[in-house]
Amino acid sequence: MTKTPERYNAREVEPKWRAAWDERGIFKLDETDPRPSYYVLEMFPYPSGRIHMGHVRNYTMGDVVARYKRAKGFAVLHPMGWDAFGMPAENAAMQHNTHPAAWTYANIATMKAQLKSMGLSLDWDREFATCDVEYYHQQQALFLDFLKAGLVERKSAKVNWDPVDGTVLANEQVIEGRGWRSGALVEQRELTQWFFKITAFSEDLLSALDGLERWPEKVRLMQKNWIGRSEGMLVRFELADGAPADQSELEIFTTRADTLFGASFLALSPDHKLAKAAAATNPELAVFAEECRRVGTSAAALATIEKKGFDTGIRARHPFDPDWLLPVYVANFILMDYGTGAIFGCPAHDQRDLDFARAYGLPVTPVVLPDGADAATYTVGTEAHDDAGRLINSRFLDGLTVDAAKEEVARRLEGEMRSGRPVGQRQVNFRLRDWGISRQRYWGCPIPVIHCETCGVVPVPAADLPVKLPDDVSFDVPGNPLDRHPTWKHVPCPKCGAPARRETDTMDTFVDSSWYFARFTSPRATTPTKRAVVDRWLPVDQYIGGVEHAILHLLYSRFFARAMKLTGHLGLDEPFAGLFTQGMVTHETYKGADGRWLFPEEVGIKDGAAIHVKTFEPVTIGAVESMSKSKKNVVDPDTIIAGFGADTARWFMLSDTPPERDIQWTDSGVEGAARFVQRLWRLVGDLAELAAPVGTPAPAAATGPALDIRRLAHGALAEIENDIEKLRFNRAVARVYELANGLTTALGDLDEAAAAAPDVKAAAREAAEILVKLFAPMMPHLAEECWAVLGHDDLVAVAPWPVVEPALLARDTITLPVQVNGKKRADVTVPREAGAADVEAAVLALDIIQRVLEGKPPKKVIVVPQRIVNVVA
RNA sequence: GCCCAGGUGGCGGAAUUGGUAGACGCGCUGGUUUCAGGUACCAGUGGUGCAAGCCGUGGAGGUUCGAGUCCUCUCCUGGGCACCA
């Protein structure tokens, strides 16, 4: 190899191939393409201004899958769009006096150019932003259909109010008592709001998780916990003394009806109607209830407070014994919106009830005896027993298991009638709440209803859609610009024609992202979807995004699919057949001498110590954390792509770290990736010089070096295909390195005669083309340039994936490791078809084995075919 | 507190699911090329020992011919949920 290899210049080459792809339109999908379909989708970005490394990682992974599936002969749908409504646009409007739309569309233009520079195989013809009128028009149509189908509800509810953003948040948008976006402490307020009835699907959303086999177990578990199903009973307690005149009973929910004979009190939420009635005549109780509510604003405070209660003086009768009276407390640890807002307390078998009972001197009677404990001496101290056991002190339940006792209590209470209703009934309860979608904001999809004084809430007629956002709005004062707009909300009632007003709330932006995947199948349709098209392309075969959306976005999307099915917009329940959640991109953090964060480019290394590149002051290297602007540990994708090329950035993102884990961005790692780009370029150049012309078939009966080269290529092909199918990109990358190493060595070993042999030249042709096709999904620009060097004038992006020849994967002889007592001592090479007896004989003939055995016969020889031999001495 | 996931060289990580621990990359060491830096190339790189060998997958036990992988206990790290009756 005497010629001076030219360097591969990514900066010049990459734009050329992107233009070639565009020109040929090869990533545009024909919806009627008869080949098997494959839908790969990455979570679409919020147009915040510029893409970050997390986007690069996410979209690179999706692109590998898309390009690979295309090569495998699928008709691939791989679209991109923008999750474009939301608060940052309004904040920018306030700060910089721009219009949210102008800000958003400018950001989209910037980010689209950045995504294009990555060389992604996207069908840009399908692009849309959720703030496009055409998109939210169809979303309003969906809303009206959901309303008609009874899936939308307007109700007054205690809501999470974010005082900084001035809007309502869904439960799942409150994290540790703070708004998920603003971080402000959330307050509880009573407001009339629009809700999607996601709880109508609680049972189905839970049970269908089992069928999502290509979802991460972790995500399924998180959703399961979030939905929070529990089986229990509603039990009616008759009120005896001290009850308000209009209330004669108290209904509680319990999952432990078996412990009814261990009851020592009843407890109410301060917001329970019985508590409120009692507080009306008891000022002290009213004060206590008010105290509870104050604490209740912060979940962090809730977690640490002591259990407190207030005896209302009311007494209730035990359902199995009318003479047994139980005190009714108001307690600070009872939630109004779970179950009935009331419980019965069994201190011996519930820790919270035990803490409460100890504080107020209430009886603690064990009714479940742990296995192995003695009934005569068993007592409960400071730890409640909530595990299994047998019932004691429980009359007719004594001796039963917990499950059997639950059955027996249910049977009896269901059979006992009071005022025409059973005293108890089985009930399944869910933690999941309905999804409040009202937001008091401008930059969102308007809720298409009109409020009329005589007709009430009137849906906007479908023919009047879209309800467009007005352009002339100002953000100089707090509050909702739609609400204070001089004319927008004033409209005649569609029913009676009288003056009425529009709903000024807009939809939660999670609504926008709950059906965009369906819209991509027919992005310009004048209905939300086209049934024939959407039914062919959904579900998404592979969805890829961040695990931070494990609950919110994915649960809402699953709800939307069901709601859209019910209203005839599509034909399935589960929108995402395969889900992959990728890890974050991390980087070291740096702090200067003054304690301020520094950007990575401000930091240099001198004599093994980190210093500031300008001031030479010492720099402290901090923890490796996920990239964030606030800590300045960010690397700009543009800088990397401009400096090294998109292929290097893509390759690095796929290398080394398993895709589901956090990846650490390092300079040396990127440089390594860049070096490999050059190495591949030289290797393909060398192969091209040696290789037979384009179209030469692989040598069928190769021997010697030609056979070795073929085996290398086909071995790598089989492995990489398997790795990409399983999204194990880091392993696929390692296999490409191995193939490149192997081919480099094989080329170096060829003597002049071998290099001139036709079968070697044909094998080199085959190996070079396999190599290029194998890395083409990961480094598509380099692959095109290599493809051209190999003499092709078509694009590798449309070339079919190579086919493995299984015969090349098998060897005539195999080398087995030989262990003695489980420790490896030798290798033995035997014919592939050798029987166990032949292998054993070969092993025992080995000098090393004879030496270790010291001439004695082995106790036993274990031969695992094709695997290993173990000699037991 | 409860529920998950995970601890493997200096670092990121492999290991066909019970069968050669450390693939591949980064880093490092020595050498060749180069005025030099970088690049490129060659050799080496878990620990220990002159060596045969011995020790090694957070820790302690166990099952097995054989354990990173299975079981019991324990420590640590990351994530989710959090008075859900």
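Lettering follows sequence order; numbering is per chain, from 1. For clarity, every value in this text was computed on a predicted model and none was experimentally measured.
When the side-chain nitrogen and oxygen atoms of A:Arg661 are compared with OP1 and OP2 of B:rG13, one or more of them lie within a distance under 4.0 Å. A close approach under 4.0 Å does occur between a side-chain nitrogen or oxygen of A:Asn730 and OP1 or OP2 of B:rA14. Put simply, A:Arg675 has a side-chain N or O that comes within less than 4.0 Å of OP1 or OP2 on B:rC26. Within the 4.0 Å cut-off from OP1 or OP2 of B:rA85, at least one side-chain nitrogen or oxygen of A:Tyr338 is found. OP1 and OP2 of B:rA85 both lie 4.0 Å or more from every side-chain N or O belonging to A:Arg431. At B:rA21, none of the side-chain N or O atoms of A:Lys823 fall inside 4.0 Å of OP1 or OP2 (strictly under the cut-off). Between A:Thr666 and B:rC11 there is no side-chain polar atom (N or O) within less than 4.0 angstrom of OP1 or OP2.
Atom pair A:Arg7:CZ and B:rG38:C1' shows a separation of 9 Å (rounding to whole Å applied). The distance from atom CG of A:Leu552 to atom P of B:rC81 is 9 Å, rounded to the nearest whole Å. The distance from atom CZ of A:Phe676 to atom C1' of B:rU39 is 16 Å, rounded to the nearest whole Å. What separates CD of A:Glu383 from C1' of B:rC2 is a distance of 13 Å, to the nearest Å. As a whole-Å value, the separation of A:Leu680 CG from B:rC24 C1' is 14 Å. Distance CD (A:Gln678) to P (B:rC41): 11 Å, rounded to an integer number of Å. To the nearest angstrom, C1' of B:rC4 lies 6 Å from CG of A:Leu221. At whole-Å resolution of the value, CD1 in A:Ile227 and P in B:rC3 are 20 Å apart.
Residue A:Ile663 is out of contact with every strand shown, counting any heavy-atom pair closer than 4.0 Å. Nucleic acid contact class of A:Lys824 (heavy atoms, under 4.0 Å, all strands): base. Among the atoms of the strands shown, base atoms are found under 4.0 Å from some heavy atom of A:Asn870. Residue-level contact check: A:Asn741 touches the backbone only, with heavy atoms under 4.0 Å from sugar-phosphate atoms and none from bases. Among the protein residues, A:Arg229 comes within range of no part of the nucleic acid, since none of its heavy atoms lies under 4.0 Å from any strand.
Here B:rU17 is in the syn range [glycosidic angle within 90° of 0]. Taking the syn range as angles within 90° of 0, the glycosidic angle of B:rG9 is syn.
Across the strands present, B:rG44 finds its partner in B:rC28; the criterion is a Watson-Crick or G-U wobble pair with both atom distances under 3.5 angstrom. Nucleotide B:rC2: paired with B:rG80 (Watson-Crick or G-U wobble, both distances less than 3.5 Å). Using N1 to N3 plus N6-O4 or O6-N4 for Watson-Crick, or N1-O2 and O6-N3 for G-U wobble, each under 3.5 Å, B:rU72 pairs with B:rA60. Pairing partner, B:rA23: none, since no Watson-Crick or wobble contact has both distances short of 3.5 Å.
Closest contact between the side chain of A:Thr657 and the listed nucleotides B:rA85, B:rA82, B:rG12 involves B:rG12. When each of B:rC65, B:rG19, B:rC3 is scored by its nearest atom to the side-chain atoms of A:Ile862, the top-ranked nucleotide is B:rC65. Residue A:Pro658 places its side chain closer to B:rG13 than to any other of B:rG27, B:rG13, B:rU20. Among B:rC54, B:rC65, B:rG19, the nucleotide with an atom closest to any side-chain atom of A:Arg867 is B:rG19. In this structure, of B:rA85, B:rC81, B:rC83, it is B:rC81 that holds the atom nearest to the side chain of A:Ile551. Side-chain proximity of A:Glu738 to the nucleotides B:rC4, B:rC26, B:rC24 is greatest for B:rC24. Distance from the side chain of A:Arg679 is smallest for B:rC41 among the nucleotides B:rC24, B:rA85, B:rC41. Of the candidate nucleotides B:rG19, B:rA85, B:rA23, B:rA23 has the atom lying nearest to any side-chain atom of A:Ala734. Checking B:rC83, B:rC41, B:rG19 against every side-chain atom of A:Ile868, the shortest atom distance belongs to B:rG19. Distances from the side chain of A:Asn332 to the nucleotides B:rC83, B:rA40, B:rG25 place B:rC83 closest.
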Go through the steps for A:Phe652 and A:Phe644 under the test ring pair (Phe, Tyr, Trp, His ring centres under 6.0 Å), then give the verdict. CA-CA 11 Å; A:Phe652 176 75; A:Phe644 295 95; 9.8 Å; no
Derivation and outcome, side-chain hydrogen bond (donor to acceptor under 3.5 Å, both in side chains), residues A:Thr199 and A:Asp434: CA-CA 6 Å; A:Thr199 57; A:Asp434 279 332; 2.7 Å; yes
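If you check distances only, the side chain of A:Lys307 does reach the base of B:rC83 with a donor-acceptor pair under 3.5 Å.
Atom CG of A:Leu739 is separated from atom CD1 of A:Ile770 by 8.5 Å, given to the nearest 0.5 angstrom. The CG atom of A:Leu687 lies 8.0 Å from the OG1 atom of A:Thr744; values are rounded to the nearest 0.5 Å.
By the neighbour-count criterion of 12 heavy atoms within 6.0 Å, atom CZ of A:Arg214 is densely surrounded, having more than that number from other residues, nucleotides or ligands.
Results of the ring pair (Phe, Tyr, Trp, His ring centres under 6.0 Å) test with A:Trp681 over A:Tyr8, A:Phe676, A:Phe775 single out A:Tyr8 as the only residue that passes.
B:rC70 sits 8 Å from B:rU63 when the C1' atoms are compared, rounded to a whole Å. Rounded to the nearest Å, the gap between the P atom of B:rC41 and that of B:rU33 is 16 Å.
Among all heavy-atom pairs drawn from A:His349 and A:Ala384, the shortest one is C-CB, 3.9 Å.
Comparing A:Arg728 and A:Val864 along RNA chain B, the residue whose closest nucleotide (by nearest heavy atom) sits nearer the 5' end is A:Arg728. If A:Phe430 and A:Tyr737 are placed on RNA chain B by their nearest nucleotide, the residue sitting closer to the 5' end is A:Tyr737.
Taking the ring centroids of A:Phe265 and A:Tyr360, they lie at or beyond the 6.0 Å cut-off.
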